[in-house]
Chemist: 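Got a structure for you, questions after.
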Amino acid sequence: MKILYIALLPSLLYACSGSDMTYPLITDLGVPNPIDCQVYHRGEDIKFCYVFTDDTELGNFNIEIHNNFDHHTHGTSSAECEDHDEHDEEDHDEHEHDEEEASGHWVFSQDYAIPEGQTTYEANLDIHIPGDIEPGDYHFMIRLTDAAGWQQLKAMGIKVTE
């Protein structure tokens, strides 16, 4: 067995040396939107605009939006939004954080393909905020994956009001 591993080692090293070994980037080029602490109203659209880059080839991206009524963190947000209202604190104390059981909490998750061969891609989307969701703090998360499977995450806090 040891001989087999030693014999395969050069071919494994050669195969890996030509592979994409870098993460894709979610850039702040242009006018990125949304940004930390941005406020939206129920029933309006979030104009999503970000530029993605990769040194070899981009793959796809995912947008996820979920409530942040318990004020948890994903560690990528650059700012802590102030102005938590009484409703947020009340929700934190009284509700369990199982999103499937929480009525009125907005949960959005959608995958988007990036055309093959792209090393730069400007993503522009309109994401509709339902008119009947519970207002409050939400996380807006972008997951960018390149063709080799490397992933970059950007999470920011947004607020949805009435």
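Residue numbers count from 1 along this sequence. Everything numeric here is computed off the predicted structure, so don't read it as measured data.
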Chemist: A side-chain contact here means heavy atoms from C-beta on lying under 4.5 Å apart; do Asp111 and Asn60 qualify?
Modeler: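 No - every pair of side-chain heavy atoms lies 4.5 Å or more apart.
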Chemist: Is there a side-chain contact between Asn62 and Ser109 in this structure, where contact means two heavy atoms from C-beta onward sitting under 4.5 Å apart?
Modeler: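 Yes, at least one pair of side-chain atoms sits under 4.5 Å.
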Chemist: What about the rings of His72 and His66, do their centers lie closer together than 6.0 Å?
Modeler: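 Yes: the rings meet the under 6.0 Å criterion.
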Chemist: Partners of His41 by side chain to side chain donor-acceptor pair (under 3.5 Å), sequence neighbours excluded?
Modeler: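 Scan of His41 (side chain to side chain donor-acceptor pair (under 3.5 Å), adjacent residues dropped) gives Thr161.
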Chemist: If you draw a 6.0 Å radius around CZ in Phe108, do more than 12 non-hydrogen atoms from other residues or ligands fall strictly inside?
Modeler: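 Counting neighbours around CZ of Phe108, more than 12 heavy atoms of other residues, nucleotides or ligands fall under 6.0 Å, so yes.
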Chemist: Same cluster for Ile35 and Ile158 if Ile/Leu/Val/Met/Phe/Trp/Tyr side chains link at under 4.5 Å?
Modeler: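 Yes, it is one cluster - the side chains of Ile35 and Ile158 are joined through contacts under 4.5 Å.
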Chemist: Do Val160 and Ile133 come close enough that some side-chain heavy atom pair is under 4.5 Å?
Modeler: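 The answer is yes, as the side chains (C-beta and beyond) meet within the 4.5 Å cut-off.
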Chemist: Can you name the side-chain contact (heavy atoms from CB on, under 4.5 Å) partners of Ala123, sequence neighbours left out?
Modeler: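 Applying side-chain contact (heavy atoms from CB on, under 4.5 Å) to Ala123 gives Phe48, Phe52, Phe61, Tyr121.
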Chemist: Is Leu25 linked to Leu153 within one hydrophobic cluster, defined over Ile, Leu, Val, Met, Phe, Trp and Tyr using a side-chain heavy-atom separation of less than 4.5 Å?
Modeler: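 Leu25 and Leu153: separate clusters.
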Chemist: Distance-only, no hydrogens or angles: does the Glu57 side chain make a donor-acceptor pair with backbone N or O of Ala147 under 3.5 Å?
Modeler: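 Flag not set: sc Glu57 to bb Ala147 has no pair under 3.5 Å.
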Chemist: Rounded to the nearest 0.5 Å, how far does CD of Gln110 lie from CD of Glu64?
Modeler: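 CD of Gln110 is found 12.0 Å from CD of Glu64.
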Chemist: Assess whether side-chain contact (heavy atoms from CB on, under 4.5 Å) is satisfied between Tyr50 and Leu29, documenting all intermediate values.
Modeler: CA-CA 7 Å; Tyr50 271 88; Leu29 297 174; over 6 Å; no
Chemist: Who are the side-chain contact (heavy atoms from CB on, under 4.5 Å) partners of Glu162, not counting sequence neighbours?
Modeler: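 With sequence neighbours excluded, Glu162 shows a side-chain contact (heavy atoms from CB on, under 4.5 Å) to Arg42, Pro135, given in chain and number order.
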Chemist: Please answer whether the main-chain N or O of Asp20 pairs with a side-chain N or O of Trp150 as donor and acceptor at a distance below 3.5 Å.
Modeler: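 Yes.
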Chemist: Given side chains that start at C-beta, do those of Asp137 and His71 come closer than 4.5 Å, heavy atoms only?
Modeler: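 Yes, at least one pair of side-chain atoms sits under 4.5 Å.
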Chemist: Which residues satisfy the side chain to side chain donor-acceptor pair (under 3.5 Å) test with Glu122, sequence neighbours excluded?
Modeler: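 By the side chain to side chain donor-acceptor pair (under 3.5 Å) rule, Glu122 matches Asn124.
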Chemist: Under the rule for side-chain contact (heavy atoms from CB on, under 4.5 Å), what residues qualify as partners of Thr120, not counting sequence neighbours?
Modeler: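 Thr120 satisfies side-chain contact (heavy atoms from CB on, under 4.5 Å) with Val51, Thr53 only.
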Chemist: Please test Ile142 against Met156 for side-chain contact (heavy atoms from CB on, under 4.5 Å), starting from the C-alpha separation and ending with a verdict.
Modeler: CA-CA 9 Å; Ile142 308 164; Met156 62 210 83; 3.9 Å; yes
Chemist: Please evaluate residues Thr119 and Asp54 with respect to the criterion side chain to side chain donor-acceptor pair (under 3.5 Å), reporting the C-alpha separation (whole Å), side-chain torsions for both, the decisive distance (0.1 Å), and the verdict.
Modeler: CA-CA 5 Å; Thr119 58; Asp54 188 63; over 6 Å; no
Chemist: Tell me every residue that passes side-chain contact (heavy atoms from CB on, under 4.5 Å) with Asp126, counting only those two or more places apart in sequence or in another chain.
Modeler: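 With sequence neighbours excluded, Asp126 shows a side-chain contact (heavy atoms from CB on, under 4.5 Å) to Asp45, Lys47, given in chain and number order.
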Chemist: Would you say the side chain of Ile63 lies within less than 4.5 Å of the side chain of Arg143, judging by non-hydrogen atoms?
Modeler: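 Result no, sub-4.5 Å side-chain heavy-atom pair not found.
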Chemist: Please check: side-chain N/O of Tyr138 versus main-chain N/O of Phe69, any donor-acceptor pairing under 3.5 Å?
Modeler: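 No.
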Chemist: Do Pro24 and Leu58 have side chains that get closer than 4.5 Å, going by heavy atoms?
Modeler: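 Yes, at least one pair of side-chain atoms sits under 4.5 Å.
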Chemist: Between Tyr112 and Leu144, is there shared hydrophobic-cluster membership here, with clusters defined by ILVMFWY side-chain heavy atoms closer than 4.5 Å?
Modeler: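 In one cluster: yes.
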Chemist: So Gln38 and Asn33, do their side chains get closer than 4.5 Å, heavy atoms only?
Modeler: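 They are in contact (side-chain heavy atoms under 4.5 Å apart), so the answer is yes.
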Chemist: Go through it in stages, so that I can follow the logic: the residues are Ile46 and Ile129, the test is side-chain contact (heavy atoms from CB on, under 4.5 Å), and I'd like the CA-CA distance, side-chain angles, deciding distance and then a yes or no.
Modeler: CA-CA 7 Å; Ile46 296 174; Ile129 301 170; 3.7 Å; yes
Chemist: Do Leu125 and Ile65 land in one hydrophobic cluster if side-chain heavy atoms of ILVMFWY residues count as linked below 4.5 Å?
Modeler: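 Leu125 clusters together with Ile65.
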Chemist: At what distance, to the nearest 0.5 angstrom, does CD of Gln151 lie from OH of Tyr23?
Modeler: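 The distance works out to 9.5 Å.
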